[in-house]
Amino acid sequence: MSENVVHLHKPTDPPTPDTAPTVLTVVPDAPLARPVPLWVRSKRVVKTAATHESTRATVRAAARHSLYTLNGGRIVARRTWDGRTGARYERMIRAAEAAGNLEAAEEWEERLQRFRAARHHRRMDLLHSPIDAAKGVAVGAGMSIGVLVALGIVMAVNTKDVGDVITPLSATVDFIALLIRIVQVVWGPALAIGPFLALLALWSVGRKQQAAPAWALPANVRSGEGEPITPSIVVKALRDLGVPALARAIKEMGDAGASMLGPITIAGCGVEVDVTLPSGVSTNEVQNKRRKLAENLTRHEHEVFVTIPQAARTVRLWVADSGALDEPIGPSPLVTDDTLTADYAKGRAPWGQDLRGDAAALSLYQRHLLITGLSNQGKTVALRSLALWLSLDRSVQFLMGDLKGVGDWAMFDGLATTLIQGPTDEHVIQVTEMVEGAVDEMNRRIQAPPGTVFPPLIVLVDEAQVAFMCPAKDEDRRPYGGSKANSRYFMAVRKIHNQGRAVNVLMWQGTQDPTNENLPKLVREGAHTRASLALGTESQARMALGDKAVDGGAAPNLLRPGLDRGTLVVASDGITIPAGQASLTVRTHYIDDDAATAITDRARALRDGVTTLHAVARGAAHDPLADVAAVVGDAPRVRTKDVLARLATLNADAYGGWSFIDLKRVLDDAGAEPYKSDGVMVVARDRVARALAHRDTEGSASAD
């Protein structure tokens with residue numbers, strides 16, 4: 001509530017000195033107001049009028065049409081000058097020299113010499129043209145008069161009147177006099193209207209060329225949204241990039257600045273063009289101004305990609321159609337084709353599409369893998385889609401640790417030999433010992449006879465930063481996390497990176513927000529295939545992909561978090577990358593949980609059955625026959641070499657050094673001897689189950 005205002009006034013009757021009390025009237029809630037000076041009100045009115053949209057539109061229209069006329073005159077003058085002089089040829093010569101094309105420069109110089117010779121010939125002809133013109137006029141006039149007189153004679157003979165001899169001649173004179181009178185009448189208005197017609201013509205030229213600043217153009221022209229990419233637009237965008245040496249070089253080239261450009265070709269949902277930069281301009285000067293270049297091309301920053309091809313002093317621009325990158329790509333072939341299978345050694349995983357719209361397929365053969373990015377950008381889905389494809393190769397074995405533990409990998413239960421899910425320190429310990437078990441398996445394979453072929457073993461850890469940052473220590477005070485020489489998880493990963501590829505033991509990791517603390521340098525550089533979704537900074541991009549890829553144009557830090565979910569930048573020799581580039585931008589297929597479950601169901605149907613362990617046994621007493629039954633699971637029979645691999649994963653200390661002889665000895669003693677099926681040695685589930693039941697029965701009878 002506002003304050004009360006007290007008004008002082010006097011009674012109506014004339015007061016006397018004794019009867020002149022001051023009357024107080026209290027007006028409640030009246031606002032305290034002061035008179036506004038006239039100059040303030042005038043200033044407000046002027047400011048409102050100046051900022052009103054109709055006023056601004058009027059100013060823009062006036063400036064636009066005035067500049068159309070002015071710049072139209074400049075365009076006409078330049079065209080006239082180019083037509084009358086050799087300026088055009090000289091610009092083409094300078095452009096060819098700037099581009100280093102000496103043959104084109106020589107050709108344009110020859111054209112300039114021919115133009116100058118023809119111009120000289122025309123000027124020499126002008127010296128004789130007045131005399132020739134006078135002679136021509138005299139001859140023409142004499143012939144015309146002769147014809148008119150002859151015509152008059154014919155008329156006189158016909159009419160028998162001598163006066164008709166001059167009738168045609170007098171009619172011609174009268175006609176000429178009429179023309180003179182018409183010219184005299186029209187000449188004055190023509191002189192008055194002529195300048196206005198000339199200005200209208202200049203305005204028309206300027207309007208057609210849009211010869212006005214961008215702020216003065218109409219809104220629909222100013223936006224340029226979706227404007228086709230043409231050579232002149234690219235050259236203008238480069239000229240206005242803010243690189244002085246580039247702007248000067250293009251200015252010297254004139255309209256021939258397009259000679260810097262290669263062919264503009266359709267590439268997927270956009271176009272691609274190679275730009276050969278003039279001398280004195282480096283490629284990183286263009287790369288570092290990607291946003292300004294995109295805006296000059298009337299595109300958003302994420303719709304323009306700048307890469308470095310093999311050619312020296314050249315940048316490759318890929319410019320998307322406006323809004324095309326916001327449209328989703330089609331479903332994965334894994335979802336649409338129920339008959340699709342995988343081949344670890346020779347096949348390629350259908351991962352998505354590159355920016356050109358071509359299928360992007362990744363070879364996983366003997367390649368360690370690292371995928372990183374900010375949280376909730378599609379990292380797990382991108383990593384999982386590769387594992388889903390590889391699960392359709394029945395020879396591939398999986399050891400999986402999901403340190404997020406929200407069920408993203410639950411569909412691999414019954415496919416993975418080990419599946420640990422959870423974010424706690426205990427889960428990190430389990431995952432660490434799983435990776436160490438894979439190291440023992442790798443060492444066993446390395447010690448096998450030369451030429452032995454081993455099935456691929458994929459050791460996959462999602463949210464690996466949880467393992468690297470785990471503070472837990474074992475009984476010997478060795479940390480599970482960290483990046484020191486005594487860090488168990490770090491050292492296990494390093495050992496697999498160093499030697500696992502040779503025996504098909506591969507390390508796949510997914511991690512968030514890479515830093516030196518949650519993704520040590522030695523680990524990230526040990527991956528053959530490195531991919532990154534959206535990141536926050538260029539330093540993180542260098543950690544994720546390496547300096548070579550970032551220097552070559554890879555920029556996951558320029559992807560839009562949330563909007564570019566599922567789009568990643570890949571640096572790998574396992575994917576087809578255009579010559580001269582160090583990376584490829586891929587828009588991955590999205591496979592949801594239901595579709596992933598359907599794919600793993602197909603994968604399970606290809607296998608004999610896998611018993612998935614959800615924990616790693618540590619130092620407990622083991623029962624060989626019971627462990628064999630556990631790893632055989634529900635499958636009717638399992639190959640002996642698969643049983644040995646699963647036993648080694650179950651308990652590396654107890655079974656890591658086992659051979660077929662050790663397995664056969666245990667089974668023979670129990671009466672569950674292995675046998676041949678389709679030419680390979682297998683272990684029968686029913687035999688092992690009967691042996692266990694018979695042993696347990698005997699044990700109970702002995703106890704009685």
Results of side-chain hydrogen bond (donor to acceptor under 3.5 Å, both in side chains) for D358 - residues two or more places apart only | none

At their closest point, which heavy atom of A582 faces which heavy atom of A549, and how far apart are they?
-> CB-CA, 3.8 Å

Would you say P231 and I264 make side-chain contact, with heavy atoms under 4.5 Å?
-> yes

Rounding to 0.5 Å, atoms CG (L297) and NZ (K236) come to a distance of 10.0 Å

Between L238 and L293, does a side-chain contact (heavy atoms from CB on, under 4.5 Å) hold up when you go through it step by step?
-> CA-CA 7 Å; L238 293 169; L293 177 62; 4.1 Å; yes

With a 4.5 Å heavy-atom cut-off, do W318 and T585 have their side chains touching?
-> no

R291 side chain vs E301 backbone, donor-acceptor pair below 3.5 Å = no

Sequence neighbours excluded, the answer for salt bridge (Lys or Arg N to Asp or Glu O under 4.0 Å) partners of D354 is none

Where do E107 and R111 land on the salt bridge (Lys or Arg N to Asp or Glu O under 4.0 Å) test, with the steps shown first?
-> CA-CA 6 Å; E107 181 180 352; R111 293 184 182 183; 3.0 Å; yes

Flag if over 12 foreign heavy atoms under 6.0 Å of CZ, R119 | yes

Hey, does the side chain of S204 reach the backbone of L200 with a donor-acceptor pair shorter than 3.5 angstrom?
-> no

Distance under 6.0 Å and angle within 45° of the ring axis: does R316 meet both against F305?
-> no

Would you call K289 and E285 a salt bridge, using N to O less than 4.0 angstrom?
-> no

Would you give the length of the straight line joining atom CD1 of I371 to atom OG1 of T529, rounded to the nearest 0.5 angstrom?
-> 9.0 Å

Do you know which of L535, L374, D564 makes side chain to side chain contact (heavy atoms under 4.5 Å, CB included) with L559?
-> D564

Working for side-chain contact (heavy atoms from CB on, under 4.5 Å), residues L261 and V235 | CA-CA 8 Å; L261 309 183; V235 171; 4.0 Å; yes

Between CD of Q512 and CG of L533, what distance do you get to the nearest 0.5 Å?
-> 11.0 Å

Spell out, as yes or no, whether a donor-acceptor pair under 3.5 Å connects the side chain of R313 to the backbone of L277.
-> yes

Among V306, V271, D274, I229, whose side chain to side chain contact (heavy atoms under 4.5 Å, CB included) with L317 holds?
-> V306

Where do T515 and M543 come nearest, in terms of heavy atoms and distance?
-> CA-SD, 3.5 Å

Any pair with a residue in residues 261-282 that passes ring pair (Phe, Tyr, Trp, His ring centres under 6.0 Å), sequence neighbours left out, goes on the list, sorted by first then second residue, please.
-> none

Check whether more than 12 heavy atoms from other residues, nucleotides or ligands sit under 6.0 Å from atom CD1 of I329, and answer yes or no.
-> yes

Quick one: CG on L241 to CZ on R290, what's the gap to the nearest 0.5 Å?
-> 13.0 Å

Using 4.0 Å as the upper bound for N to carboxylate O, is an ion pair formed by D240 and K292?
-> no

Could you tell me which non-hydrogen atom of G553 sits nearest to which non-hydrogen atom of Q287, and how far apart they are?
-> CA-NE2, 3.0 Å

Hey, mind stepping through R565 and N376 against side-chain contact (heavy atoms from CB on, under 4.5 Å) and telling me if it holds?
-> CA-CA 8 Å; R565 185 179 290 111; N376 196 31; 3.6 Å; yes

Quick one: OG1 on T576 to CG on L362, what's the gap to the nearest 0.5 Å?
-> 10.0 Å

What is the minimum heavy-atom distance between A237 and N296, and which atoms define it?
-> O-ND2, 3.0 Å

So with a 6.0 Å cut-off around CD1 of I266, is the heavy-atom count from everything else above 12?
-> no

Given side chains that start at C-beta, do those of H589 and P333 come closer than 4.5 Å, heavy atoms only?
-> yes

Shortest non-hydrogen separation from R348 to I575 and the atoms involved | NH1-CA, 3.8 Å

For T372 and P514, work out which heavy atoms get closest and say how close.
-> OG1-CD, 3.2 Å

N557 side chain near Q540 side chain, heavy-atom distance below 4.5 Å | no

Measure the spacing between NZ of K379 and OG of S532 and express it to the nearest 0.5 Å.
-> 11.0 Å

What's the verdict on side-chain contact (heavy atoms from CB on, under 4.5 Å) for T588 and V381, showing C-alpha distance, side-chain angles and the deciding distance?
-> CA-CA 9 Å; T588 59; V381 173; 5.9 Å; no

Does the W351 side chain pair with the main chain of A382, one donor and one acceptor, at a distance under 3.5 Å?
-> yes

